[in-house]
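Report on the structure given below.
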Amino acid sequence: MIRFYNTLTRNKEEFKPIKEGNAGLYTCGPTVYDLAHIGNFRAYIFEDLLHRYLEYGGYKVLRVMNITDVDDKTIAGCEKESVSLKEYTDRYLTAFLEDMEILRLKKPDYLPRATEHIPEMVSLVKKLLDKGYAYEKDGAVYFSIAKFPSYGKMAGIDLSEIKSGARVDVDEYEKEDVRDFALWKEEKESVFWDTELGRGRPGWHIECSAMSMKYLGESFDIHTGGVDNIFPHHENEIAQSEAATGKKFVNYWMHCAHLLVNGEKMSKSKGNFYTLRDILKKGYNPVAVRYLLLSAHYRDPLNFSEKALKQAENTVSNYNAFYQSLDFCKSGIGNKEIKADIEKARKDFTAGLSDDLNISAALAGIFNLIKTVNIAVSEGTLGPEDAGDIKGFLEETDNVLVILDKEERKLSGEQQNLIKEREQARKDKDFKKSDEIRDVFKSQGILLEDTLYGTRWKTVKKGIK
RNA sequence: GGCCUGGUAGCCAAGUGGCAAGGCAGCGGUCUGCAAAACCGUUAUGCGCCGGUUCAAAUCCGGCCCAGGCCUCCA
């Protein structure tokens with residue numbers, strides 16, 4: 001049984017999909033007006049964990065991630081550079097997709113762009129006009145929250161508290177109620193579409209309703225995003241979607257907490273952000289970034305620091321060294337208890353993640369297994385079959401974690417001979433020669449370790465340990 | 001001001017009534033020709049503070065302090 005914390009009810013609930021064995025997932029994606037920073041990626045890592053764990057649990061996942069490629073910032077950006085909106089947003093979309101790959105984020109089934117779904121949005125807005133939930137005013141269309149009594153429910157917003165004030169946009173004072181939000185904006189900038197609603201462009205919130213319903217249906221299972229999206233974005237999505245269809249829009253809303261820097265939210269407006277590229281330029285392992293963002297519970301604020309990143313880097317490096325070392329357990333007598341130990345670790349892993357993605361508990365299960373196995377290795381009792389079982393388990397859980405380096409590692413014939421030579425030198429107590437050989441390997445980024453199973457080697461990433 | 005989070009070791013981080021997981025770093029030891037790795041021991045008689053409930057509290061209740069977020073574009 002998998003349980004998730006549902007923002008809608010403020011409780012952990014058992015996950016019951018609409019269609020047995022399936023999961024429809026809409027995960028809020030980027031606005032492609034600039035490079036994403038790692039605070040943004042925290043959300044995408046959380047969504048990746050959710051996606052992968054549902055699949056690990058046997059669900060067939062259908063996932064959509066929207067690409068917001070038309071809004072005030074993207075329009076301002078392309079006007080400033082005098083390039084087309086598409087040219088401008090393509091640049092940042094490409095960068096985003098590259099970053100996703102570097103962080104080993106699973107690609108959603110659909111990555112719909114807002115600009116490619118204008119007809120869907122127009123038809124949704126028309127439906128809201130027909131049903132009387134929306135009204136037109138000077139070429140723009142607004143959603144009337146007065147017509148939707150449960151507005152504000154998820155966010156726990158008391159509507160009487162939202163007052164008209166200095167922060168209300170100039171183009172918005174034609175609204176009947178300051179709290180109403182735009183479904184369609186009148187032509188103002190260089191970017192517009194000619195539609196049945198007139199010349200203009202969509203409001204921000206409508207794209208998510210239109211695109212999620214197109215790919216996932218009018219009701220679907222899970223919708224995610226950062227906590228800052230709860231209000232007003234997700235609240236507005238609920239209002240416009242449910243008003244249009246008369247059906248419950250989403251069953252489970254999941255929101256992740258922010259990444260902090262020095263105790264403050266990382267954001268573009270505060271200027272306290274790092275992009276993935278900034279970090280990689282400093283020589284950090286991208287897998288460590290993934291691990292760091294993954295290793296804290298998604299609903300807790302995570303304070304980012306280079307110290308924490310360094311720690312994550314060490315953990316990832318040790319973890320991979322352990323994984324590599326399993327290949328050398330070729331002569332052990334075998335250990336009957338290993339299968340039960342693996343079973344225990346698997347149980348801890350799934351019990352943890354099934355409890356609202358409690359990653360710490362899940363990882364602890366694996367680390368406990370590693371310790372048990374290391375003891376067996378140091379006693380020389382771990383057999384090849386055991387090692388294979390453990391490898392299989394690590395690879396299985398790595399479908400969720402994705403922190404292992406699984407590429408084939410091979411030594412050249414020359415290197416293999418050199419290792420044999422060194423082993424003979426050690427038998428002959430020619431330690432000068434054996435140390436020299438070890439140094440030769442070291443200069444090639446390969447560390448030799450003498451163990452009960454013979455000489456073991458591992459590769460070391462440049463700059464790490 | 002309203003609403004919502006969080007405060008657990010040097011750092012990161014689980015734990016929501018019954019002996020305080022796990023990771024990283026440090027220190028001491030074992031092993032090793034020397035290393036490396038690993039293992040063993042050690043690092044919170046205490047979980048922001050003060051009260052209360054209870055046989056028993058990090059956990060429940062009340063009050064307070066601190067930090068962050070949302071209420072406006074945001075992951």
Side-chain angles (χ1 to χ4, degrees), chain A residues 7 10 27-31 33 36-47 68 71-73 152 155-163 165-169 204 224-233 235 255-260 262-270 291-292 295-305 307-319 321-322 325 328 348 352 355 358-368 370-371 373-379 426 429-432 434-435 438-439 442 447-452 455-458 465:
Chain A
T7 308
R10 308 263 166 186
T27 55
C28 263
T31 301
Y33 73 103
H37 59 65
I38 57 163
N40 300 128
F41 278 109
R42 184 191 191 185
Y44 307 133
I45 292 266
F46 147 63
E47 290 161 357
T68 301
D71 80 317
D72 293 347
K73 287 177 191 147
I157 295 284
D158 180 353
L159 290 177
S160 60
E161 295 294 325
I162 304 178
K163 295 200 171 75
R167 282 166 167 167
V168 174
D169 253 14
W204 173 40
T224 69
V227 287
D228 49 0
N229 279 150
I230 296 173
F231 191 88
H233 186 49
E235 196 66 56
H255 295 96
C256 70
H258 287 128
L259 188 69
L260 310 179
N262 296 322
E264 273 195 322
K265 176 181 170 180
M266 179 179 289
S267 73
K268 288 277 166 63
S269 50
K270 285 184 175 157
Y291 181 82
L292 177 62
S295 63
H297 187 81
Y298 75 94
R299 282 192 292 114
D300 285 333
L302 172 63
N303 199 7
F304 177 84
S305 66
K307 184 173 179 182
L309 186 57
K310 186 72 208 159
Q311 290 182 359
E313 204 166 55
N314 287 342
T315 305
V316 167
S317 159
N318 292 346
Y319 193 85
F322 172 79
S325 75
F328 295 91
D348 290 345
D355 180 18
N358 185 339
I359 186 76
S360 301
L363 289 171
I366 298 179
F367 284 118
N368 284 327
I370 289 177
K371 185 161 212 166
V373 171
N374 273 331
I375 292 171
V377 170
S378 65
E379 289 167 349
R426 289 186 68 228
K429 304 224 184 290
D430 184 354
F431 298 123
K432 186 167 176 286
S434 72
D435 288 351
R438 191 164 59 193
D439 287 342
K442 196 177 171 188
L447 287 188
L448 299 189
E449 296 171 350
D450 300 315
T451 75
L452 279 179
T455 300
R456 187 166 85 183
W457 59 272
K458 67 178 179 188
K465 278 207 159 169

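Every chain is numbered from 1, with letters handed out A, B, ... down the list of sequences. Side-chain atoms are counted along with the backbone in the values below, which use heavy atoms only and exclude waters and symmetry mates.
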Worksheet item: Does any nucleotide pair with B/rC60 by Watson-Crick or G-U wobble geometry, both distances under 3.5 Å, and what is it?
Response: B/rG52
Discussion item. Over all strands shown, is A/Asp71 touching base, sugar-phosphate only, or nothing at heavy-atom distances under 4.0 angstrom?
Written reply: nothing
Worksheet item: Using purine N1 to pyrimidine N3 plus N6-O4 or O6-N4 for Watson-Crick, or N1-O2 and O6-N3 for G-U wobble, each under 3.5 Å, what pairs with B/rC27?
Response: B/rG41
Worksheet, complete the sentence: Across every strand shown, the nucleotide meeting Watson-Crick or G-U wobble geometry with B/rC47 (both distances under 3.5 Å) is none
Item to complete: Using atom CG of A/Asp228 as one end and atom P of B/rG69 as the other, report the distance to the nearest whole Å.
Response: 11 Å
Practice prompt. Could you tell me whether A/Phe46 contacts a base, only the sugar-phosphate backbone, or nothing, with contacts defined as non-hydrogen atoms closer than 4.0 Å?
Written response: nothing
Worksheet item: With sugar-phosphate meaning primed atoms plus P, OP1 and OP2, does A/Ile359 contact a base, only sugar-phosphate, or nothing at under 4.0 Å between heavy atoms?
Response: nothing
Worksheet item: Given the P atoms of B/rG23 and B/rC40, what is the spacing between them in whole Å?
Response: 10 Å
Worksheet item: Heavy atoms under 4.0 Å, any strand shown: does A/Arg456 hit a base, just sugar-phosphate, or nothing?
Response: sugar-phosphate
Response to the item:
Walking RNA chain B from its 5' end, the first of A/Cys28 and A/Glu449 to be reached, judged by nearest nucleotide, is A/Glu449
Discussion item. If the cut-off is 4.0 Å, is A/Asn314 near the phosphate of B/rG23, judged by side-chain N/O to OP1 or OP2?
Written reply: no
Discussion item. Base, sugar-phosphate or nothing for A/Lys429? Non-hydrogen atoms, less than 4.0 Å.
Written reply: nothing
Worksheet entry | A/Phe367 ring over B/rG22 six-membered base ring, under 5.5 Å and 30° | no
Discussion item. Classify A/Ser267 by what it touches in the nucleic acid, base, sugar-phosphate, or nothing, heavy-atom distance under 4.0 Å.
Written reply: nothing
Fill in: From OG1 (A/Thr451) to CZ (A/Arg456), nearest 0.5 Å
5.5 Å
Discussion item. Taking B/rC49 as the reference, what is the distance to B/rG10 when you measure between their C1' atoms (whole Å, please)?
Written reply: 23 Å
Discussion item. Using a heavy-atom cut-off of 4.0 Å across all strands, would you classify A/Gly39 as base, sugar-phosphate, or nothing?
Written reply: base
Worksheet item: Base, sugar-phosphate alone, or nothing: which one does A/Ser434 contact when heavy atoms must sit under 4.0 Å apart?
Response: base
Item to complete: Kindly indicate whether the side chain of A/His233, heavy atoms from C-beta on, has any atom under 4.5 Å from the side chain of A/Cys28.
Response: yes
Worksheet item: Under the 3.5 Å rule, do the base of B/rC34 and the side chain of A/Arg438 count as making a donor-acceptor pair?
Response: yes
Give me, pair by pair, the N or O atoms of the protein and of nucleotides 13-15 of chain B that are less than 3.5 Å apart, along with how far apart they are.
from   : atom 1 : to       : atom 2 : distance (Å)
B/rA13 : O2'    : A/Ser360 : OG     : 2.9
B/rA14 : OP1    : A/His297 : N      : 3.3
B/rA14 : OP1    : A/Asp300 : OD2    : 3.2
B/rA14 : O5'    : A/Ser360 : OG     : 3.3
B/rA14 : O3'    : A/Asn358 : ND2    : 3.1
B/rG15 : OP1    : A/Asn358 : ND2    : 3.0

Item to complete: Could you check if a side-chain atom of A/Thr315 sits within less than 4.5 angstrom of a side-chain atom of A/Phe367, using non-hydrogen atoms only?
Response: yes
Worksheet item: Is a donor-acceptor contact shorter than 3.5 angstrom present between the side chain of A/Lys73 and the base of B/rC73?
Response: yes
Fill in: Distance below 4.0 Å between A/Lys270 side-chain N/O and B/rG69 OP1 or OP2
yes
Worksheet item: When only distance counts, do a donor and an acceptor, one from the side chain of A/Gln311 and one from the base of B/rC12, lie under 3.5 Å apart?
Response: no
Check: protein-nucleotides 39-42 of chain B nitrogen or oxygen pairs below 3.5 Å:
from   : atom 1 : to       : atom 2 : distance (Å)
B/rC40 : OP2    : A/Lys371 : NZ     : 3.4

Worksheet item: What about A/Asn318, does its side chain sit under 3.5 Å from the base of B/rG23 through a donor-acceptor pair?
Response: no
Practice prompt. Sort out the partner of B/rA21 for me: Watson-Crick or G-U wobble, both distances under 3.5 Å, none otherwise.
Written response: none
Worksheet entry | Who pairs with B/rC34 - Watson-Crick or G-U, where each distance is under 3.5 Å | none
Discussion item. Quick check: do A/His37 and A/Asn40 have side-chain heavy atoms less than 4.5 Å from each other?
Written reply: yes
Fill in: OP1 or OP2 of B/rC70 under 4.0 Å from side-chain N/O of A/Lys265
yes
